[in-house]
Amino acid sequence: MARNMFRRSIYKTPAQLRLMREPGLATAAALEATRGALRAGITPLELDALAEAAIRDRGGRPNFMMEPGYRHTICANVNAHVVHAIPTDRPLRPGDIVAIDAGAEIGGWHGDSAYTVVVPDPADPKKTAALQELSRVTEQAMWHGIAQLARATHLNEVGDAIAKYVHSESNYGILEDYIGHGIGRSMHEDPPVFNYPVRGKGPEVRPGLVVAIEPIIAAGGIDTFTEDDGWTVTMEDGGASAQWEHTVAVHENGIWVLTASDGGAAGLAPLGITPTPIP
Ligand code: MG
Ligand code: MG
């Protein structure tokens, strides 16, 4: 019982940060495997199998399967489904907007990441372009949040930066029902990572902090409901949404995106941030 008497620190040691590299890279590999195969005609269940194989090839376990009652490696959020959607055997179609979310556990440490793509619809290029813009703004909101983490003294500056970017680029809404989180020995830990301004500064940003930054942006309203399957979350107004997520470590020499094979270098370069490998 003694171990429950002390709240686990949100700051990892340098040795613990090093242990988070492998699950981060396995998570990246799983998402890359799905992304390479994602096109009209493939089913979310087929993408799920590719992601699972990529994680197991690296000696990891899909951590979504550790959530009681969830049997898959990925969540595959198609169109009005926004998060936690169970992969189905419905083939993807032109004009679908698809967010794939996955995570890996290795040696008791976790990674978590997500991306969005649009299956192009040659018959409706305007719709395709509009959905691609929603995904672009969401991805860039994530990178602006990560760049802010590199400069911040307190964590809630990340949400300020995400919201400022979204509102400067669009009239999109930022979901408030789902936010980012600390990550380490479990997939979801303290502290919460808001995607919008909140009262209070949040915890100090200093070496050892590891967070999943994951804005979810909607083209219409931001209200959601959970389907009868107990998992799939759907937009109340049936509108489109996009989700991007990376797991990011703060260490003594800077930041490193654990779930990007380049540590986030390509995404952060335009924002003037150079990630540094964990020493
Ligand atoms: Mg995730
Ligand atoms: Mg997450």
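Below, each value reflects all heavy atoms present in this structure, side chains not excepted, and no hydrogens, waters or symmetry copies. Remember, predicted model here, so these are calculated numbers, not experimental data. Atoms within each ligand, like the ligands themselves, are counted from 1 in listed order.
Using cut-offs of 30° and 60° on the angle between ring planes, the pair His84 and Tyr178 is perpendicular.
Under a hydrophobic-cluster definition in which Ile, Leu, Val, Met, Phe, Trp and Tyr are linked whenever side-chain heavy atoms come within less than 4.5 Å, directly or via other members, Trp143 and Val211 are assigned to the same cluster.
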* To do: Decide side-chain hydrogen bond (donor to acceptor under 3.5 Å, both in side chains) for Glu52 and His72; before the verdict, give the C-alpha distance in whole Å, the side-chain angles of both, and the deciding distance to 0.1 Å.
  => CA-CA 8 Å; Glu52 180 172 0; His72 298 280; over 6 Å; no
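Glu245 lies close to the Mg ion (ligand 1), since one of its N, O or S atoms is found at a distance under 2.8 Å.
Remark: at the Mg ion (ligand 2), atom OE2 from Glu214 and atom NE2 from His181 enclose 90°, rounded to the nearest 10 degrees. Of the angles at the Mg ion (ligand 1), the one spanning OD1 of Asp112 and OD2 of Asp101 is 140° when given to 10°.
The CD atom of Glu214 lies 11.0 Å from the CG atom of Leu175; values are rounded to the nearest 0.5 Å.
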